Amino acid sequence: MTLQIERVSKSFDGTSAVLEDTSLTVRDGEFLALLGPSGSGKTTLLNVVSGLTRPESGRLVLDGEDITDLSAGRRRFGMVFQSYALFRHMNVADNIAFGLRVMDRSERPSKAERRERVEELLAMIDMVGFGERYPAQLSGGQRQRVAMARALAIRPRLLLLDEPFSALDAKVRRELRDSVRDLQQRVGVTTILVTHDQAEAFGIADRVAIMREGSIEQIGTPDELRAHPASPFVESFLNAA
Amino acid sequence: MKAKHLLIALAVLFALVVIVLPVAVIFQRAFAEGFAVWLAAVSEPETRSAIVLTVVTALIVVPVNIVFGLCAAWAIARFKFPGRRALLVVIELPFAISPIVAGLCFLLVYGAYGPVGGALQPYGIQLMFNLAGIVLVSLFVTCPFVVREVLPVLSVSGEDEERAALTLGASGWQMFRLVTVPNITWALVYGAILATARAIGEFGAVSVVSGAIRGQTMTLPLQIELLYNDYNTTGAFAAATVLALLALVTLVLRGLIALTHPVRGAAQ
Ligand SMILES: Nc1ncnc2c1ncn2[C@@H]1O[C@H](COP(=O)(O)OP(=O)(O)OP(=O)(O)O)[C@@H](O)[C@H]1O
Ligand SMILES: [Mg+2]
C-alpha cells in the first residue's frame, strides 16, 4: 500500500499550527521512520494518518483511494501506542482477537477461526502459551509484542508505530527492534515508525523522514541522509548518533 | 507508643458511642417485645406501603443516576467544551445544599404555583406530593455520587485503550461497552451503592415534597418519624430496623468491593 499525505494542516484550539502543509509519501511495503525532536508533531501526524485526529485541511490517499473522510476503524490501520494501550481487563488472547471480534457480522471470523488466528500470532511473536495471562502479568517487552500482534491481527493495510520501544531498557529495545523489523518483512506491511531516537530510526528503517516543527525537512535512505544532509538541522541529528 | 494507644482508644470509643451504640439500640428496642411483635409492626399496611415506596423510588432513581452519571463523567473526562468546569461544580452542588432547601426549591419550581408546575397544571400533570416529586428530589440529592466515583477513574485511565479500540475497528458503542465500561465497573457499582443508600435514607428533601399522605406518599424515613411522633415507639423502631438493614446491606456490599478491589475501579 502506498500512502500519500498531501498538504495536511492541524492546529490545536487556535494555537499556532502543529502541522502546516505537511506532505509525505510512504511507499508500498517500506519501513519508514519519522524522526524528529520532541514536540515536532510526529504523534500528531501519525494520529492524522490513523484517523484519530482530523486535519483541518489536506488529503490522505491510499493506493489512489481518498481516505481523508474515512473513520479510524474503516481505515484498517494497525496502531501500536507508546503506552501499548492493551485492554487491561482482557487476557492476551482476547486482546489480540479484539479487532476480529468487533468486525461486522458479514466479515467476522468464527470463534474457532479467531482462536486459530490468535495462536498463529502468538507463535509469530514468540509468546505461545501466554494467551491466558493478563497485561499486568507481562514484562514491558512482552506487552509491546502483544500490542504488535493485536495490530497485526486485523491484517492492517498500514502499520503505525508510535515510539514502541521508548518504555524499554536498551537491551530489550535492541532485540525488539530486530524482531519488529523481522515481523514487518514477513507480513510485508507498509509501516511508519515514529521515534526521536536517531540510532533507532537509522537502524530499522528503509527510509527516514526528518521532521521539524511540523514539516518534513528531508527524507531519504539512511545512506542518502548521511551523504547529503540538506540542512544543518539534519546534520545535527546525524551527529547526535 | 502511649500516644498511639490513646488515639486508637479514642477512635474506638468514639465509634462505639456515636455509631455502634445507637444502631444497636434500635435493634434492641425493636426486638424487645419479641420477633412476632416486630413482624406485626413492619407488616402494618402503612409501614409496608412506606417500604414499597422507598424501594420503588430507589429502583427508579439509581438507574437514572447511573446513566446520567456515566454520560456526565464521560463528557467531562473526554471532551473539552465551554462550561465544562461549571458543569462539574453544578453536579456537586447537591452536596453543599441542605436537603430541606433543595426540597423547597423543587416545591417552588415544580409545585402548582411554580413556573413548571403551573404550566403543567392545565394538563392535569402534578409533580409534587406524589411519587414523581419524591423521585425528583431524590434524583437531586443523589446526583453527584456516580459522577464523583467514575470521573477520577475515567480521567486517569483508558483514553489510549479507547483509541486503540477505535483503530481496531470498534464502533463507538462497541468501544464503550467492551473497553470503557469494564474499566470503570467497580467505580460505577460503588457510586451506585452510595446513591442507593442516600436514596433510601433521604429525609429532609423528601419530607418537603411528599405531602405526607399516610399510606401513599410516606417513604420509610418519613413513616418512622410519623410513628415516633404518634408515640408508637415499637412501630417506629421496627420500621427503623428495616431501614437500617437496607443500609447494612449496602454497607456490606461496599465493604466487599473495598476488599476485592483495594484500588476501586483500577483493576490492576
Ligand atoms: N491534544 C492536544 N492539544 C493541544 N496541543 C497538542 C495536543 N497534542 C499535541 N499538541 C501540541 O502539538 C505539538 C506537537 O505534539 P506531538 O505530540 O505531535 O509531538 P511529538 O513530535 O510526537 O513529540 P514527542 O516526541 O514528545 O512525542 C506539541 O507542541 C504539543 O504541545
Ligand atoms: Mg509523540
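All values derive from a computational prediction rather than experimental measurement. In what follows, every chain begins at residue 1, and chains take the letters A, B, ... in the order their sequences are listed. Quick note: numbers below take in every heavy atom, side chains included, and nothing from hydrogens, waters or symmetry partners.
The environment of CD in A:Glu65 is crowded: more than 12 heavy-atom neighbours from other residues, nucleotides or ligands sit within 6.0 Å. For A:Glu20, the CD atom counts as loosely surrounded, since its 6.0 Å shell holds 12 or fewer non-hydrogen atoms of other residues, nucleotides or ligands. No more than 12 heavy atoms of other residues, nucleotides or ligands lie within 6.0 Å of CZ in A:Arg155, so this atom counts as exposed by the packing criterion. The local environment of CZ in B:Phe81 is crowded, with over 12 non-hydrogen atoms from other residues, nucleotides or ligands closer than 6.0 Å. Applying the 6.0 Å contact sphere to CD of B:Glu92 captures more than 12 heavy atoms from other residues, nucleotides or ligands. The environment of CZ in A:Arg186 is crowded: more than 12 heavy-atom neighbours from other residues, nucleotides or ligands sit within 6.0 Å.
Proximity of A:Phe87 to B:Leu178: side-chain heavy atoms (C-beta onward) are nowhere separated by under 4.5 Å.
Here A:Met79 contributes atom CE and B:Leu166 contributes atom CG; the two are 11.5 Å apart, rounded to the nearest 0.5 Å. Here the CZ atom belonging to A:Phe98 is positioned 6.5 Å from the CD atom belonging to B:Gln174, to the nearest 0.5 angstrom. The CG atom of A:Asn95 lies 8.0 Å from the CD atom of B:Glu161; values are rounded to the nearest 0.5 Å.
The choice from A:Gln82, A:Arg101, A:Arg74 that makes the most heavy-atom pairs within less than 4.5 Å of chain B is A:Arg101. The greatest number of non-hydrogen atom pairs below 4.5 Å with chain B, out of A:Ala85, A:Ser50, A:Pro156, is found for A:Ala85.
Residue A:Val102 comes nearest to B:Gly169 through the heavy atom pair CG2-C, 3.8 Å, listed as atom of the first residue, atom of the second, then distance.
A side chain to side chain contact (heavy atoms under 4.5 Å, CB included) with A:His89 holds for exactly one of B:Asn183, B:Val181, B:Thr185; it is B:Asn183.
Using a 4.5 Å cut-off between heavy atoms, A:Leu86 touches chain B through its backbone atoms (N, CA, C, O) alone. Proximity to chain B (any heavy atom under 4.5 Å) is restricted, for A:Phe81, to the side chain, taken from C-beta onward. Within the 4.5 angstrom heavy-atom criterion, no atom of A:Asp104 approaches chain B.
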